Number of protein chains: 2
Amino acid sequence: MFKIGVIGSGKGSNFVALADAVNRGQLDIEISVVISDVENAFILDRAKERGIESLYIPPGKFKTKLEPEVEQAYVNVLKKHNVDLVVLAGFMRIIKNTFLREYPKRIINIHPSLLPSFKGLEAWKQALEYGVKVAGCTVHFVDEGVDCGPIIIQREVMVKPDDTPERLHERIQVQEHIAYPEAVCLISNNAIIVEDRVVRVKE
Amino acid sequence: MFKIGVIGSGKGSNFVALADAVNRGQLDIEISVVISDVENAFILDRAKERGIESLYIPPGKFKTKLEPEVEQAYVNVLKKHNVDLVVLAGFMRIIKNTFLREYPKRIINIHPSLLPSFKGLEAWKQALEYGVKVAGCTVHFVDEGVDCGPIIIQREVMVKPDDTPERLHERIQVQEHIAYPEAVCLISNNAIIVEDRVVRVKE
């Protein structure tokens, strides 16, 4: 069975989308463990409710990344669970070398914009302020950069004339909850190849 | 009658899309004049075939822009024709101050990407090399920057697994030929407002 570990800092709606896809039999994988850097993150409750091992690991002194020793602690848990893929779901820190070395092209993230547009925080708000008419979400492999690894799936979302950041974000999340299980499905079925930075689905 | 002047350097497929929309009665405007910086540009032949005044104005010594005197010469022709809107259609030079002062928020351009991604040349190729899954085109107002004025319309184009730059470019152009007449229609009907950099269609 293909095993994933999920790491998140917030409410975990993408974790729920993945868990629901598994429960419905649409996604033939096991979610082995959920880790959070936020002690009372709702994602941990949601994992517990579903009988999935959940764990808070304190992030250490930095605000936007984990210290190397802390990354190692995260990696140790993931390795104990033999996860094949690390799935970031609203994890608000940058992944650094300890992680990347252990899971090369085995860490994925979902970002609420059509990358490379609007990297960073509150991408839906950036998109509205820029005035784009087509927004969306991107599932990508995580590499040394921020929001710039090879793209697995993108789904577009039309901006409406009366959109607020909240409304646009909500519609983007609907697409995220379709895209993320789809991407995990492709990877768990060994159905993609990465050439340079271009991800192709095998014939 | 709302009058436009078209400026282009190449084959003029977007000019043809506009002229065809006018001829079909879908777009109630007059294309008053077509100007090119390239003496034998196909866009000039295509204008002549349609009985539209066409004019080559030598670009001067620069490669990526027009000299101020040359910009003035372009502006003089456009003013003589009383154009309400300047439409760039494959014009391979950057518009500078003389032009922008005379036609503030009255110059539009079409770019073969979902801006702000992939500004500059051969955007479809940049998109393929980056590995995006959703590409597209953008109609925007021209301001002091390159490919960064307020966005009027965007249309998305899915990248296919076997895409070549040529194939993707072709499908993007199909969408350009829909988007550009649509944008000119909105402007000629005075149907949009620009707030900061966000373009809204009036109720």
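This one's a predicted model, so the numbers in the text were calculated from it and none came from an experiment. Naming: A, B, ... by sequence-line order, numbering from 1 per chain.
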Inset, instruction - Under the salt bridge (charged side-chain N to carboxylate O under 4.0 Å, His left out) rule, what do A:R93 and A:D37 come out as? Steps first, then yes or no, please. - result: CA-CA 9 Å; A:R93 291 167 191 272; A:D37 60 323; 2.6 Å; yes

Legend entry - Residues, nucleotides or ligands: over 12 heavy atoms within 6.0 Å of A:D196 CG: no

Inset, instruction - Taking the side chain as every heavy atom from C-beta outward, state whether B:S188 and B:I29 have any atom pair closer than 4.5 Å. - result: yes

Inset, instruction - Kindly write out the residues that satisfy salt bridge (Lys or Arg N to Asp or Glu O under 4.0 Å) with A:K48, not counting sequence neighbours, or none if the list is empty. - result: A:D45

Inset, instruction - Taking all non-hydrogen atoms of both residues into account, name the closest pair between B:R46 and B:R50 and its distance. - result: O-NH1, 3.1 Å

Legend entry - Max heavy-atom pair count under 4.5 Å with chain B, selected residue of A:M158, A:R155, A:E156: A:E156

Legend entry - Any B:I35 side-chain heavy atom under 4.5 Å of B:V6 side chain: no

Inset, instruction - Would you check if A:I4 and A:V86 make a side-chain contact, meaning some heavy-atom pair closer than 4.5 Å? - result: no

Inset, instruction - With side chain to side chain contact (heavy atoms under 4.5 Å, CB included) as the test, would you mind laying out the steps for B:V38 and B:Y56 before giving the verdict? - result: CA-CA 7 Å; B:V38 175; B:Y56 160 62; 5.7 Å; no

Legend entry - Evaluation steps, side chain to side chain contact (heavy atoms under 4.5 Å, CB included), between A:C148 and A:D143: CA-CA 7 Å; A:C148 59; A:D143 63 13; 3.8 Å; yes

Inset, instruction - Anything in residues 107-133 of chain B with a heavy-atom distance to chain A below 4.5 Å? Please list those residues in order. - result: B:L114, B:L115, B:P116, B:S117, B:F118, B:K119, B:L128, B:E129, B:Y130, B:G131, B:V132, B:K133

Inset, instruction - Could you walk me through whether B:E53 and B:V34 pass the side chain to side chain contact (heavy atoms under 4.5 Å, CB included) test, one step at a time? - result: CA-CA 6 Å; B:E53 186 168 332; B:V34 173; over 6 Å; no

Legend entry - B:V146 side chain reached by B:I94 side chain, heavy atoms, under 4.5 Å: yes

Legend entry - Contacting region of B:V199 [heavy-atom separation from chain A under 4.5 Å]: both

Inset, instruction - Might you confirm whether atom CG of A:D20 has over 12 heavy atoms from other residues, nucleotides or ligands at distances under 6.0 Å? - result: yes

Inset, instruction - Output the distance between atom CZ (A:F15) and atom CD1 (A:I7), rounded to the nearest 0.5 Å. - result: 13.0 Å

Inset, instruction - Check whether any side-chain heavy atom of A:K11 lies under 4.5 Å from a side-chain heavy atom of A:I43, and answer yes or no. - result: no

Legend entry - Per-residue contacts, residues 67-83 of chain B versus chain A, heavy atoms under 4.5 Å: none

Legend entry - Members of residues 162-181 of chain B whose heavy atoms come closer than 4.5 Å to chain A: none

Inset, instruction - Between chain B and each of A:V134, A:V198, A:I153, A:I152, count heavy-atom pairs under 4.5 Å; write down the option with the most. - result: A:V134

